[in-house]
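One is the number of the first residue; the rest follow in order along the sequence. Since we're looking at a predicted model, the values are computed, not measured.
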Amino acid sequence: MRIGFRRNTGFTLVELLVVIAIIGVLVGLLLPAVQQAREAARRMQCSNHLKQLGLALHNYEGTFKAIPPRKGGTTGPSSNPRIGHNYLRKSGFIPLLGFLEQQAMADMVSSGTTLSNGNYIPPGGPAGWYGNAEWLPWRIQLPTMLCPSDTNPGRTGNYGHNSYAFSFGDSLGPNVNDGNWDPRGMFGNGSRFRRFRDITDGLSNSIAMSERAWPGGNFGIRTANGESWKGVTVVDPNVVTSPASCLTQATGQQIFGVQYKGRFGSMWSDGQAERVGFNTVLAPNAISCVNNDNNNADSTGGALNASSFHTGGVNVLLGDGSVTFVSDSVNTGDTTAAPVAGGPSPYGVWGAMGSIQGQESLSLEN
């Protein structure tokens, strides 16, 4: 009988710990790369959504020989407020529905309806903030309106949300929601329908739309206590005449002890500037400011800045339908200057990209 020794082929505890440590190191090395790849995919999807919006704008302009205003619609006396007409508050997204493969929604808006309580909603729809559950168009969430990089891109409340905004150029107010206001950007108010031929700086040199981060809610005036500035607007009475004053409201990327609110992105159907607009004055991802403490989305002026949850800048849609990424460090000229009614923008390359008739020579590298 032969006696021998059986060799133990298992791992020792030390070997097992070494393997686990190696796996941990590999995961630590790979995880940032995976996260970067995911963000790159989200950023590309955001860019594709802007391209779809750009295509819709061009098809609309080809059909009607103009692009829709940022806010418009009908107005007049009404015995039934918020239903009889839409208070010139119908956002620029609504006329584009039929060009975004949403013809069924466009037909609902153009047809109107009678609610179960007997109230009649005329063709064109009610006020942009009307939230009756039987009026479906304002409640439907369109995937094209959302950037997946936003912190809370899902639907909350009674309205569909938006991650994209219409440019009113390097104008700040003071009457951004007035139906007669004529900003220097691509989108006017009321009956001010821009035509492509009005954009004398050139479609490829003029911004049409951009991303804007939304705060994941729809809330009025609060007092900041260390909140992130992303997606919110701070109250600063001086911002309309000296936009640089807005920049002093933030400490790093937080705000303390000042009034602020979050109205952007909470309802894509309402054309108020705070909900669907932005301007090209302060750099992308700078803190935004409005000029008064109106609790709703009705402040009359301010620096409403392009912003995103991407690193280093924002995607913007140019008038020719192309999309480009603009850095946070883009030249903004003299942000202590008041806005101008004509001529070159005082706000550098960024302001020049927003103005459509400033006769500026552009280079994103400046």
Side-chain angles (χ1 to χ4, degrees), residues 53 57 61 66-73 88-93 95-96 128 164-203 205-210 212 233 239-243 246 263-264 270-284 286 288-292 294 297-306 316-319 332-333 335 337-360 362:
L53 289 164
L57 280 173
E61 202 276 344
I67 59 175
R70 187 199 82 230
K71 56 174 291 184
L88 288 178
R89 292 260 303 252
K90 191 166 65 172
S91 85
F93 289 118
L96 295 177
Y164 307 105
F166 299 99
S167 171
F168 46 92
D170 61 345
S171 301
L172 291 155
N175 299 304
V176 294
N177 295 313
D178 190 289
N180 294 316
W181 187 55
D182 191 20
R184 281 168 39 103
M186 193 170 291
F187 292 89
N189 288 358
S191 60
R192 298 185 183 278
F193 287 75
R194 303 280 195 249
R195 299 163 296 181
F196 280 166
R197 69 185 187 189
D198 296 327
I199 305 168
T200 56
D201 285 348
L203 292 174
N205 294 326
S206 303
I207 292 178
M209 302 183 71
S210 174
R212 243 194 116 195
T233 50
V239 64
V240 173
T241 54
S242 180
C246 178
R263 293 300 191 185
F264 176 77
D270 185 9
Q272 294 295 78
E274 289 180 66
R275 298 215 191 268
V276 297
F278 80 102
N279 49 15
T280 57
V281 177
L282 300 182
S288 294
C289 292
V290 288
N291 61 340
N292 60 44
N294 179 283
D298 303 333
S299 292
T300 57
L304 304 175
N305 303 318
V316 299
L317 171 70
L318 299 176
T332 55
T335 56
V340 296
S345 174
Y347 308 123
V349 172
W350 186 230
M353 293 179 71
S355 66
I356 61 173
Q357 299 172 342
Q359 301 177 349
E360 306 99 337
L362 292 181

Colleague: Does a donor on one side chain and an acceptor on the other come within less than 3.5 Å for Ser299 and Asn292?
Modeller: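 Their side chains do contain a donor-acceptor pair, which is all the 3.5 Å distance test asks for.
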
Colleague: Mind checking whether Phe193 and Pro69 have side chains closer than 4.5 Å, heavy atoms only?
Modeller: yes

Colleague: If we count only N and O atoms by modelled type, under 3.5 Å, do the side chains of Asn279 and Arg184 hold a donor and an acceptor together?
Modeller: no

Colleague: Closest approach of Leu172 and Val239, non-hydrogen atoms and distance?
Modeller: CD1-O, 4.0 Å

Colleague: Indicate the atoms forming the closest heavy-atom contact of Leu304 with Gly277, along with that distance.
Modeller: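 Reported closest heavy-atom pair: CB-O, 4.1 Å.
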
Colleague: Quick check: does any side chain N or O of Thr233 sit under 3.5 Å from a backbone N or O of Ser288, one acting as donor and the other as acceptor?
Modeller: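 Looks like no, no N/O pair under 3.5 Å.
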
Colleague: With distance as the sole test, does Arg192 use its side chain to make a donor-acceptor pair with the main-chain N or O of Phe187 at under 3.5 Å?
Modeller: no

Colleague: Checking the side chain of Arg70 only, and the main-chain atoms of Ser167 only, is there a donor and an acceptor separated by less than 3.5 Å?
Modeller: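 Checked: no pair found.
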
Colleague: On a heavy-atom basis, which atom in Pro243 and which in Tyr347 lie closest, and how many Å separate them?
Modeller: CG-OH, 3.8 Å

Colleague: Sub-3.5 Å donor-acceptor pair from the side chain of Asn175 to the main-chain atoms of Trp181, do we have one?
Modeller: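 Not confirmed, Asn175 side chain does not pair with Trp181 backbone.
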
Colleague: Between Asn177 and Ala273 (side chain of the first, backbone of the second, donor and acceptor by atom type, cut-off under 3.5 Å), is there such a pair?
Modeller: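 Yes; judged by distance alone, with no hydrogens or angles, the pair exists.
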
Colleague: Under a 3.5 Å threshold, yes or no: a donor from one side chain and an acceptor from the other, between Gln272 and Asp298?
Modeller: yes

Colleague: Can you check whether Gly342's main-chain N or O pairs, donor with acceptor, with Gln357's side chain at less than 3.5 Å?
Modeller: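 Such a contact is absent between Gln357 side chain and Gly342 backbone.
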
Colleague: List the steps and the verdict of side chain to side chain contact (heavy atoms under 4.5 Å, CB included) for Leu57 and Met209.
Modeller: CA-CA 10 Å; Leu57 280 173; Met209 302 183 71; 4.3 Å; yes

Colleague: For Leu96 versus Pro68, what's the shortest heavy-atom pair and its separation?
Modeller: CD2-CG, 4.2 Å

Colleague: How many angstroms lie between CD in Glu274 and CG in Asn294, if you round to the nearest 0.5 Å?
Modeller: 7.0 Å

Colleague: Which heavy atom of Ala338 sits nearest a heavy atom of Pro346, and at what distance?
Modeller: O-CG, 3.9 Å

Colleague: When rounded to the nearest 0.5 angstrom, what distance separates CZ in Arg89 from CG in Asp270?
Modeller: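 Answer for the CZ-CG pair, Arg89 versus Asp270, is 4.0 Å.
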
Colleague: Compare every heavy atom of Asp170 with every heavy atom of Ser355, then report the nearest pair and how far apart it is.
Modeller: CB-OD1, 4.0 Å

Colleague: Does any N or O in the side chain of Asn305 come within less than 3.5 Å of the main-chain N or O of Pro284, such that one atom is a donor and the other an acceptor?
Modeller: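 Not confirmed, Asn305 side chain does not pair with Pro284 backbone.
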
Colleague: Applying ring pair (Phe, Tyr, Trp, His ring centres under 6.0 Å) between Phe166 and each of Phe278, Phe264, Phe93, report the one that passes.
Modeller: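 Only match with Phe166 under ring pair (Phe, Tyr, Trp, His ring centres under 6.0 Å): Phe93.
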
Colleague: When Trp350 is tested against each of Val281, Ile207, Thr335, Leu282 for side-chain contact (heavy atoms from CB on, under 4.5 Å), which residue passes?
Modeller: Ile207

Colleague: Do side-chain atoms of Asp201 reach the backbone of Ser206 as a donor and acceptor pair under 3.5 angstrom?
Modeller: no

Colleague: State the CZ-CZ distance between Arg275 and Arg212, to the nearest 0.5 angstrom.
Modeller: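 Going from CZ on Arg275 over to CZ on Arg212, the span is 11.5 Å.
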
